[in-house]
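Presented below is the structure to which this report refers.
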Number of protein chains: 2
Amino acid sequence: MTFRSMQSRPCTGSKSREQPATAERVTLAMNLCRERGVRLTTLRQQVLELLWQSARPTGAYELIELLAQRNSRPVAPPTVYRALEFLMSQGFASRIESRNAYVPCAHPERCQEHIFLICNHCEEWIELDDARFEHQLADEAAHLGFRTTQRVVEVVGTCADCVSASAD
Amino acid sequence: MTFRSMQSRPCTGSKSREQPATAERVTLAMNLCRERGVRLTTLRQQVLELLWQSARPTGAYELIELLAQRNSRPVAPPTVYRALEFLMSQGFASRIESRNAYVPCAHPERCQEHIFLICNHCEEWIELDDARFEHQLADEAAHLGFRTTQRVVEVVGTCADCVSASAD
DNA sequence: AACGAGACGTTATAACATAACGTTTCAGAG
DNA sequence: CTCTGAAACGTTATGTTATAACGTCTCGTT
């Protein structure tokens, strides 16, 4: 019956980031930037690091505060928004629309195709990658002659851990 | 191969609103409110009418302006946000997260389950209803032990009309 | 060394949303 | 018909998120 989830693969999430860690992610981004002929400046790198280090989707103004702590010199909103725009354009980050917040993206090449699950309780997020789902959305759109440029798929609720925790 | 779109049914959209019109939608809402023992006040009704009359997803502050035109007496933000909250709680409207804007909903009973396509060019929107898609998302979530409370599925791009128009 | 594009700084303001609390409205009880 | 309590609405203030506009700096290239 329910053959549907077979192709789903949870790829990242705030909980799966114990080991592989920020540094490797940033290295990947650096390499991709070199290949692509774009610059991962200090600021952009810092923002990316902060996103990976955060346990939750991070707001732009929260990033501003974190950068201030880290750099002594404060940074104004446009600066951070520009960095975020860059990171998103390169697939290194995604915006969570239902939260006005940003998360790092584990698969820069496929950043447009993710599904996000967000826990209302612990605020953690799961990045999901499901080809079947993607195809279906694309078909829906194509069927209507619609040309897709951006997708937003966000599932908000309670994650497994918080469900069992609250079932005490 | 692509059997996927078979169950899709475009239900509403800003273009399909020539005939059935605002009045009938509002009547439906009134009846549902009576059944449910909640009140469709003048303000709430006005907001719902404005949403149906608009060709595009409508922002809260845009609604404030429209209400001012209509009522002589201006209305403050909290008032409109409360009306929107009510309409959404009853399934009469949905929020388009990627736009910070609101659209009326043709199927109040199933308002949580819609997919929205939004045209970047003409700003029109299409409300889509696809049971298969819904099930799949639910399965994805269930597979991870995630308890879903809210879904956001928005596809942004260029609608068929604007695609052919720009192909001149 | 000069140049030019892109990145960043800075100021101001726009756009979206809610907290907190007072007043009005209205359906139902008496 | 009046009273009453809950819900709706008014009002003021403020919080939060995002961008416009323009100047300066940086850095790779010529």
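So that the names make sense, note that chain A is the first sequence line, chain B the second, and so on, each numbered from 1. Remember, predicted model here, so these are calculated numbers, not experimental data.
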Mind calculating the distance between CG (A:Leu40) and C1' (C:dA7) to the nearest angstrom?
-> 13 Å
Residues from residues 42-49 of chain B sitting under 4.0 Å of DNA chain D, heavy atoms only?
-> B:Leu43, B:Arg44
Tell me whether the OP1 or OP2 atom of C:dC8 has a side-chain N or O from A:Thr41 closer than 4.0 Å.
-> yes
Answer whether the closest heavy-atom distance between the side chains of A:Tyr102 and A:Leu51 falls below 4.5 Å.
-> yes
Starting at the 5' end of DNA chain D, which residue's closest nucleotide do you reach first, B:Ala83 or A:Pro77?
-> B:Ala83
Can you label the angle between the A:Phe116 ring and the A:Trp125 ring as parallel, tilted or perpendicular, going by 30° and 60°?
-> perpendicular
Can a donor-acceptor pair under 3.5 Å be found between the side-chain atoms of A:Arg73 and the base atoms of C:dG9?
-> no
Does the side chain of A:His114 reach to within under 4.5 Å of the side chain of A:Asp129, using non-hydrogen atoms?
-> yes
Atom CD1 of B:Ile64 and atom P of C:dA15: how far apart are they, to the nearest Å?
-> 13 Å
What is the distance from CG of A:Leu84 to C1' of C:dC8, rounded to the nearest Å?
-> 14 Å
Identify whether any heavy atom of A:Arg39 sits under 4.0 Å from a base atom; if not, whether one sits that close to sugar-phosphate; answer base, sugar-phosphate or nothing.
-> sugar-phosphate
Let me know the distance between CZ of B:Arg82 and P of C:dT23, rounded to the nearest Å.
-> 15 Å
Would A:Arg36 and A:Gln90 count as having a side-chain donor-acceptor pair, cut-off 3.5 Å?
-> yes
Using a distance-only test with no angle check, is there a side-chain donor-acceptor pair under 3.5 angstrom linking B:Ser98 and A:Glu97?
-> no
Does CD belonging to B:Glu85 count more than 12 external heavy atoms closer than 6.0 Å?
-> no
With DNA chain C as reference, determine whether A:Pro78 or B:Pro78 sits nearer its 5' end, using the nearest nucleotide of each.
-> A:Pro78
Leading and trailing nucleotides of DNA chain D with any atom under 4.0 Å from heavy atoms of chain B = D:dA8 to D:dT12
Are side-chain N/O atoms of A:Glu49 and A:Thr22 paired as donor and acceptor at under 3.5 Å?
-> no
Side-chain donor-acceptor contact under 3.5 Å, A:Gln46 with A:Asn71 | yes
Between atom CD in A:Gln90 and atom C1' in C:dA7, what is the gap in whole Å?
-> 14 Å
Any side-chain heavy atom of B:Phe86 sitting closer than 4.5 Å to one from B:Cys33?
-> yes
With a non-hydrogen cut-off below 4.0 angstrom, is B:Arg99 in contact with a base, only sugar-phosphate, or nothing?
-> nothing
Should B:Tyr61 be listed as having a side-chain N or O under 4.0 Å from OP1 or OP2 of C:dA15?
-> no
Of the listed C:dA17, C:dA19, C:dC8, the closest approach to the B:Asn100 side chain comes from C:dA17
